[in-house]
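Structure first, then comments.
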Amino acid sequence: MVSHPGEQEVTSEQKVRSEQQVRVIRNQQLNEQSVLLTLEAPAIAQSAQPGQFVNLACNKFLRRPIGIMQTDRNTGLIKIGIRIQGEGTRWLANAQPGDSLSALGPLGHGFELANCRRIITVGGGTGVFPLFFVQQRCHELDLESIAVCGFRSRTDSVLTGDYAGLGCRTLFASDCGDLDVPGHAAQALLQLLSDLPEKEGTAILTCGPKVMMQAVARIAAEYKIPCQVSLEERMACGIGVCLVCACAVKNGGEQGTSYQRCCVEGPVFPAEVIQWST
Ligand SMILES: Cc1cc2nc3c(=O)[nH]c(=O)nc-3n(C[C@H](O)[C@H](O)[C@H](O)COP(=O)(O)OP(=O)(O)OC[C@H]3O[C@@H](n4cnc5c(N)ncnc54)[C@H](O)[C@@H]3O)c2cc1C
Ligand code: FES
C-alpha cells in the first residue's frame, strides 16, 4: 500500500478500511479554472451520502479534500468538480483518463435530508459541486428542491445546465448581473424566500465561501428555516486523527465554545452551532 507523508498516525486498519485506488475515466474542462473528473470508484459510489468528501493524494505533502458531486451505484462511477486554487488542485485537475489516484473515502458527516418536504441548496464557488449531489438525491427521492447558485459571472459559472437538467427549480446569481439575479447567492435566496408562499418543511443547505454561508444562515434564522452548512476547513488526515481541521462550535444552549473535527463530525453542521467569528 502506498504511504503518504503526514499520515504516520493513521493506523493500518483505518487505511485498509478506506484507502482505494480510483481510475480516472474522464476529465472535462468546465472553464479556465475548473474541471470535472469522472472516477471509477465502486465502493465510494455505493455508500457515499451528499455532503461527504474524498481525500485525494496529490503531488504535495498532504492529501486534498474534495466533495463528492455525483454518484452512480450501477456503474460504480463518481464525479468530482475541482477548481484550481494552488499546486495540489492544479495537479489533480491535470489527471488524465487511465491515471490512478489514491482516495480515502467517503469521509465525513453529510447533509440530513430526512423529514424535509422541500430542500433549498445555496452554493457559491466550489460549493456548487458538493451541493449538486444533494440535488441528485432529491431528484431520486422525488423531493421538491430549488438550487440557488452564485458565481462571479457567466464565464465563471459551472454546472448551470447540469442543475437545470435535474429538473429542479434553479436561480443563478452573478456579481456582474449577467445571470438570473444580480448579486450574491444569499441575495438570490432572499429574493426567493420573499416570493415563496409556504415555507413549512423547508430546509436550507449551503456550501461555499464562509461570508456567503454566514449570510445564508442569518437569512434562514430570520425566516425560522432550519439550515445546514458545509464548512471547507483546511484538512490533513481527513479521518479524525490530526486535529488540523478543528472548528469552533457553540456548546448546547451555553455561551462556551468547544471544538469538533470538521472531517468527522462535519463538514456539515447545523448553522446554529457555528461560531462564525473564530
Ligand atoms: C470538505 C471539503 C470539501 C471540498 N470540496 C471541494 C470541491 O468539491 N471542489 C474544489 O475545488 N475544492 C474543494 N475543497 C477545497 C479544496 O480542498 C482546496 O481548494 C484545496 O485543498 C487547496 O489545495 P491546493 O494545493 O490547490 O492549494 P494550496 O496551495 O494548499 O492553497 C491555495 C489556496 O487555497 C486555499 N485553500 C487551501 N485549503 C483550502 C480549503 N480546505 N478550503 C478552501 N480553500 C483552501 C488557500 O487558503 C490558498 O488561498 C473542499 C474542501 C473541503 C474541506
Ligand atoms: S483533518 Fe485530521 S482530524 Fe480532521
Side-chain angles (χ1 to χ4, degrees), residues 4-11 14-15 18 27-39 44 48-71 78-95 101 103-111 121 123-136 149 151 156 158-159 162 205-213 228-249 259-269:
H4 295 281
E7 288 181 350
Q8 293 89 339
E9 309 93 328
V10 179
T11 66
Q14 283 167 318
K15 289 194 79 173
S18 58
N27 181 328
Q28 289 166 264
Q29 191 84 33
L30 295 177
N31 59 28
E32 264 185 26
Q33 284 173 305
S34 302
V35 303
L36 207 57
L37 291 186
T38 304
L39 306 172
I44 297 172
Q49 298 301 319
Q52 289 190 301
F53 63 96
V54 287
N55 212 11
L56 295 172
C58 62
N59 62 334
K60 302 302 288 180
F61 182 58
L62 296 168
R63 290 171 182 270
R64 297 300 192 254
I66 301 291
I68 297 167
M69 189 197 116
Q70 196 173 5
T71 62
I78 67 166
K79 285 186 184 176
I80 55 172
I82 297 175
R83 184 179 172 94
I84 297 170
Q85 295 284 356
E87 285 191 46
T89 43
R90 183 175 301 284
W91 187 89
L92 288 168
N94 279 327
L101 300 175
L104 297 178
L107 301 174
H109 175 80
F111 291 104
T121 58
T126 56
V128 301
F129 294 122
L131 288 175
F132 186 84
F133 194 4
V134 174
Q135 291 291 346
Q136 180 200 348
C149 302
F151 305 102
D156 184 58
V158 291
L159 302 187
D162 302 76
L205 280 46
T206 184
C207 184
K210 242 183 189 164
V211 62
M212 180 209 82
M213 293 198 292
Q228 301 169 42
V229 304
S230 181
L231 299 180
E232 289 196 352
E233 295 295 322
R234 273 183 169 270
M235 290 184 181
C237 73
I239 56 171
V241 178
C242 70
L243 305 186
V244 159
C245 65
C247 53
V249 297
Y259 287 86
Q260 295 209 331
R261 295 162 301 176
C262 187
C263 66
V264 175
E265 286 82 38
V268 178
F269 294 94

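Atoms within each ligand, like the ligands themselves, are counted from 1 in listed order. All residue numbers in this chain count up from 1 along the given sequence.
- Using a distance-only test at 3.5 Å, with no hydrogens or angles considered, no donor-acceptor pair links the side chain of N27 to the main chain of N94.
- Ligand 2 has G238 within reach: a non-hydrogen atom of the residue lies less than 4.0 Å from it.
- Proximity to A236 (heavy-atom distance under 4.0 Å) selects the following atoms of ligand 2: 1 (S).
- Under 4.0 angstrom from ligand 1, there are no non-hydrogen atoms of C263.
- Atoms SG of C237 and SG of C242, as seen from atom 2 (Fe) of ligand 2, are separated by an angle of 100°, to the nearest 10°.
- Under the 4.0 Å distance rule, the nearest protein heavy atom to atom 44 (N) of ligand 1 falls outside the cut-off.
- Under a 4.0 Å criterion applied to the non-hydrogen atoms of P130, ligand 1 contributes the atoms 8 (O).
- Per-residue contacts place V241 under 4.0 angstrom from the following atoms of ligand 2 (heavy atoms of the residue considered): 3 (S).
- Nearest to atom 3 (S) of ligand 2 among the protein's heavy atoms is L243 N, 3.1 Å.
- A salt bridge does not link R64 to E87: none of the charged nitrogens lies less than 4.0 Å from a carboxylate oxygen.
- Those atoms of ligand 1 that come under 4.0 Å of a heavy atom in E233, given as number and element, are 41 (N), 53 (C).
- By the definition of a contact as any protein heavy atom under 4.0 Å away, atom 38 (N) of ligand 1 is in contact.
- For atom 4 (Fe) of ligand 2, the set of nearby N, O or S atoms under 2.8 Å includes one belonging to C263.
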